[in-house]
Each structure stands twice: as structure tokens, then as C-alpha cells.
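Positions are given from 1, in the same order as the sequence printed here.
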Amino acid sequence: MNAQHATATRPRHGAPVIVDVEEAEAALVENYPHLVRLAYLTLPPSLGRHRRVLTAHTLTQGALPRSPCEPDPAVADVAGPRGTVDPAYALVRQEVLDTALAFGRERGWRGRLRRTLVGGPAPYVLGLRLHTKATGTDEAELDRALSGLNAAGRAAYALLELERPRHADGREVRRLLVAAGVADPRGALKAAKAVPEGLLLGGSGFDPCTVHARPTDLLRRRQHVRVGLIAAGAIAVTATLVAVLTGGQDPYAAGGSPGAYGTAVLLDPAKLVRVKDTAWTRASRVDFTAWPTRGGRVGDRALLGRAMAVWARPSARVSVSATKGTAEGLPVQQPQLLYAGDVDGATVVLMYDGLRLVRYAEPRDGGGTAALDFARVDGAGVTTAAVVLGRTDGNTRFLTAPWVTEAASRDLRDPGRAPAKLDRTTDGVTEPVRMPGADSRPGVCGDTWPALQFRAAGGLGADRPFLLTDLGDLVPAHLTYQPPAAGAPLEATGPTALANVARTACNLSSMSGLGTRSVNVWRYATQRLPEDNGHASWVCARADTWRGTDGRALALFLPPVSEPGTPGAPVGQSGRDGGACGRGMPRVLAGALWKSTAGHWYLLAAGSRDVTRIKAAGGVTGTSKGPTMAVRAEQGARAELSAVLDSGAALTTLR
């Protein structure tokens, strides 16, 4: 059928549109490269490029219906990439989108059956590896961005970039996602819009119809053919004996060959990248690529093989977790082995794949459940100097960076106490460090807040000790301090910094579970209190994440106290993606009701240095020039605060 006859038209009187097989085929053939690219971008990057290319073609070809059918009425009128409404194209587009989103949704035999049913048998290319053409650094940036999205987010991004919907707000994309069964289309669209536009999609990058082909290992393949027939019988007998004697396969892996995912080479324990002990002294960048391979089990091929097998296909006896915004999936490049050894009652393997840390832990006695943890760590530096190896009974052992020359622990709640030396093994594993909050009741700040204090080797840009605090992730967060006049955060190890951090420590728990990379405590104002009650400080604790989004800010009022570690009073916080108190928005305004020693109540407010006027309205009224304000008030009074910046712009309080 010619292309000009491939578009079905809606009959009059609202009768349903029925697309026959020939019309669907014409629409599929005409838009084949476009539909394959839509499937390719939606599929999990963890499949690997070879498998992803073949699967995208399989799903697209499987979108052809077997009999005449009606496209989904909810999205039949959504225009295609050329801006025209074509029910035949809408039919195959929705089928491609449905199957790409469904791919990998379920694990185990149910997932394999589902993928077979929705996509049919996959193409098999003997002796060749296929991958899309590389087109520069943008490709890696988009690859990283897509790895951080779930399937719905990737689908939303592909539809935005490829379909070019008529509505800039993405209404048509949301309709397509809803029709495909996406539970949170608005969230998917928001995540997709956070990805930079125009990365490679106009060129040949990420185009599964324009691929490069390379052979696999020719000599090894020839040897495999020769040995295959002889080995097949032996393997069958051995597998039967192992099943009888041991009760089956490794209990922590779901079974099957990682090669089914197109990543057999990346998951070969013999090919794990190993770095020498002194590599960091000559490295051009000081991050996890410079960490040496350490631990007493680095030569244990069986252990490393189990770790790789679980990474490929964890069984129901494996607890899989990932810090927020971190993709769970297979590596996109050869992983690097950082550590393999026994840690208390567990055996731990720690790896790095260029974007994430991957920690595999199994019980040393072989019982119970194993753990597989993922944490995004792109952009790590000198102060990314510790990784959690294991937690037992409220204690944590860390693996320290090779450039850490001094290690100590200190209590953030007691700034006057000197740090205590932290013993480490020759492999850089610390003695047990108490977890923050381990000795307190839930919801109650304990008497202590343990933290790590490290000093790095000279010449790495860390001229003074730095602090790290455990917020429950694989990598502890870097603590910094910023006085009012400083243009950038400083290490939080000076007396004034420690005094302000001590009064903020109890509120750090609100920043756990975010994938927090750093917390900066910014003392943005100092205020003289009415009735000669001394001076108060105002601080804003800003948590930034590894993914660069979902930052949080918390404002605290610190009145004068007799006990140095007395917690400050939270007086405002930003929601998700709030830029307050950060580099994107280095300004803040907050207020609090305060009672003087004479029993009088005041509304206090303070803003950053660029605030020229503060105004209170509602239950309390008043105006003051400058960055602070104090107005008499009644107990329990409520007021709305606003401020004017020296630029003339308005500023409201954190909420």
C-alpha cells in the first residue's frame, strides 16, 4: 500500500475507526526508524547496547496486529511526529510504547514469559555485537541521564523529544502514558523535563537503525565450537550431580546466564578492573577510579562469581536497595573491584561501574538473606573518602580512601571534645563507628552524633581536616560551614563551625534517605536580641544530593544557651527542588516567636545580607530596615513575613 493511502479517517456520526492489518503495516514501515528509536530510549539502559538494539527492533516488529482492530480512543487523535493525526500510526505507536514499558517489569520466569509474549522471539546475531554510533560527550551525558530515570520517565523523555507534542505542557504525552498504564504520568513528565534537551536525538546517536557491528572474540569462538560437543555431556552430568548434592543452584542468584542480557563480558569476574595501591598518587582525577583493589577475598573467584551472578539476576533471597535517583541494573562498562573481604558476620564485595557503587553482601555462614545495594556517586572527589562496608548492632565499618592519612571520630553534639583516633586495618577498614541515633529512641535526638574526621594527603587540595556524617546511605555526607561573609563553604572543623554544627546535628536526620552528597551549615545572620538578652544566630542547613536535584534547606534559630550542643529551633524548610540557601539561590528569610528572660514575646526575623527591608503582616505588624527585625508580639501570634532585596526583588520565608 502506498504511504498516501495509509491514513485511516474517522467515519461520520462517531463510529469507531477500525485499522486493518495492511494500514497498520504501512504506518509501521513508514515510521519504522522512529518507532524503533522510541522503543530503544524507553528500554532499560542496563540491557546493554547490543541487547537493547535487538530488543527495540523485536518490540517494534511485534507491534503489527494480527487482525483489524481499533486504536485506543483515548489517544487515537494524538498527532504523530509530522503533526498529522493517523489512527494507524497511533495504534502501532501505543503498542510499541506498551511493550517497551512492560519489558523488564517483572523478574524471574514470569518476566521471561511476559517478554516472550509481548515481543516474540528476539533476533539472534551469531558472532556480531551491535551498538549505536558514538557521537561525542553528549551521548555519555544522555546515557547517564536515562540511567537515572525509570521506564515511565524514559518513555516520557522519548515522546517529548521524538513526537514533538503540540502542547508544550505535555498534555498529549500524559495521555499516552496513562493509556500505557503509567501510574504517575505527571511525575514521569517532570523527571523527563529535567533532562537537558537536544542531546543527540537530532543525529545518529541513540539511533538503533544506524549501528556499528563488531565481531566477538573469533579465536575463543572457534575454540568453543571445538570443545562444545565434548563439554556438553560433561556439563549435563555435572549439573545433575551438583543439583543432587547441593540442592540446586546458588540460592542468591535467580539462575540463567548473564549473557542473555548481552552483558556476559561485563559480568565476567575475571575481567573486573583492578587498580594498584599507588595509582591514586599519579591519577589525573581523585575519585573512585583511583581507589585500589583491597580485601582478603579479592582472589576468591567463586565469591566474585556469585556477586556477578546476583548483580545480573538477584533471587528472592536478596534484598535489593538503591539510594534515591539511582538505577538498579546491569553495568554499562567494565566494573572496577574496590574491595572483597569478610566484615564482621558478612562477606562483602564492593564495586564501581563509573556511575554507581554496587555493594554485595552475603552471610558468612551461608544462611539468611543477601543484600545488593546501589548508590550513585558520579562527580566524587577528595572528600568522598569513605564507603559503608557493613552495619552490625548499631555499628558501622567504613572503607576509607587511599589518600586518607589521619582518621578520627568525633561527637558533633560536643564541639569542645577532641576527636578520638580511629583505628584502621592495612586495607583501610575502620574499627566499628557508632551510628547516629543508635542509642536513642525513635524521633528523639540522642546525646551524641558520631561523625568521621579525616585528613587527606598533601597536594590534593584538602588543606585542613574535613567532616563526614553517616545519613544512612552507602557514602557518608560531607559537612561544611559557611559564615555570613564567606563566598563559599569551608570545612566545618574550626571552633565556630563546630559550635554551629553542634546545634544543627539533631536535625540532620531529616536529610537521611535522600542520597545526600553534602550538607552546608550557613550562618547567614547574627541578631542582637531585645532587652539585652545577648545575641542569636540564624543558620540554614542545605542538603545537596548526588543527582543534583531534590535539594532541601532547613532554617534554624539559635538563641544563646549555656550548653554548647543544645539543638536549635527549626523555623522553616524548603520543599523538593528548593534552591534556597544554595548556589542557585544564596538568600533566605525566616522568622520565629521568642520569649525574653523578662517574659515578653517578640516576633524575630532575619534574612541574608542582601535583605534591605523586612515587613510583618497579619497577627503581627511591623517594618524594619536591614536584614533583621524584632517586633513585640503575643504568645502564639501568627504573621506573614516578606522582605525586599537590594536588587529590588521580593523574598518570602521558607515554609
Side-chain angles (χ1 to χ4, degrees), residues 46-48 107-109 111-112 231 234-235 238-275 291 293-322 326-354 356-375 387-392 397 399 427 429 474:
S46 57
L47 284 176
R107 292 178 174 173
W109 67 268
R112 292 195 297 274
I235 290 174
T238 303
T240 302
L241 289 175
V242 169
V244 171
L245 296 175
T246 68
Q249 61 187 4
D250 174 15
Y252 301 125
S257 170
Y261 294 86
T263 54
V265 174
L266 297 181
L267 292 172
D268 184 351
K271 295 185 181 298
L272 281 168
V273 176
R274 297 170 183 251
V275 175
W291 282 47
T293 301
R294 291 175 285 181
R297 303 282 293 273
V298 295
D300 190 335
R301 290 287 300 274
L303 169 63
L304 300 180
R306 288 197 300 276
M308 296 288 95
V310 171
W311 190 347
R313 303 186 67 191
S315 73
R317 291 185 59 185
V318 178
S319 173
V320 181
S321 69
T326 303
E328 300 175 16
L330 302 181
V332 295
Q333 66 180 40
Q334 204 72 54
Q336 175 184 340
L337 179 61
L338 302 182
Y339 181 87
D342 295 327
V343 181
D344 296 324
T347 300
V348 178
V349 178
L350 184 66
M351 295 164 285
Y352 172 64
D353 71 351
R356 305 165 299 174
L357 287 176
V358 181
R359 174 185 173 273
Y360 169 72
E362 63 181 27
R364 292 177 66 179
D365 59 8
T369 60
L372 184 66
D373 305 316
F374 298 88
V387 178
V388 172
L389 283 183
R391 303 184 192 274
T392 305
R397 289 189 190 269
L399 178 67
D427 285 331
V429 180
L474 272 184

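Residues meeting the side-chain contact (heavy atoms from CB on, under 4.5 Å) test with R274, sequence neighbours left out: T293, V298, L304, L337. In this structure, the salt bridge (charged side-chain N to carboxylate O under 4.0 Å, His left out) partners of R391, at least two apart in sequence or on a different chain, are D470. Residues satisfying the salt bridge (charged side-chain N to carboxylate O under 4.0 Å, His left out) test with D342, not counting sequence neighbours, are R297, R364. Residues that satisfy the side-chain hydrogen bond (donor to acceptor under 3.5 Å, both in side chains) test with S321, not counting sequence neighbours, are D373.
Contact check for T369 versus V318: no side-chain heavy atoms found under the 4.5 Å cut-off. Between L372 and R359 there is no side-chain heavy-atom pair separated by less than 4.5 Å. Residues W311 and L330 form a side-chain contact, since some pair of their non-hydrogen atoms from C-beta on lies under 4.5 Å apart. A 4.5 Å side-chain heavy-atom check between R306 and E362 finds at least one atom pair inside the cut-off. By the 4.5 Å heavy-atom criterion applied to side chains, V358 and L350 are not counted as neighbours. Annotation: side chain of L399 is in contact with side chain of R294 (closest heavy-atom distance under 4.5 Å). Taking the side chain as every heavy atom from C-beta outward, T347 and P363 never approach each other to under 4.5 Å. Proximity of R356 to E328: side-chain heavy atoms (C-beta onward) are nowhere separated by under 4.5 Å.
Proximity of a side-chain donor or acceptor of D427 to a complementary backbone N or O of V429 within less than 3.5 Å is not detected. With hydrogens and angles disregarded, a donor-acceptor distance shorter than 3.5 Å links the side chain of Q334 to the backbone of L266.
Pairs passing the ring pair (Phe, Tyr, Trp, His ring centres under 6.0 Å) check and including a residue from residues 329-354, sequence neighbours excluded, read F288-Y352.
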Carefully, step by step, assess L474 and F374 under the rule side-chain contact (heavy atoms from CB on, under 4.5 Å).
-> CA-CA 8 Å; L474 272 184; F374 298 88; over 6 Å; no
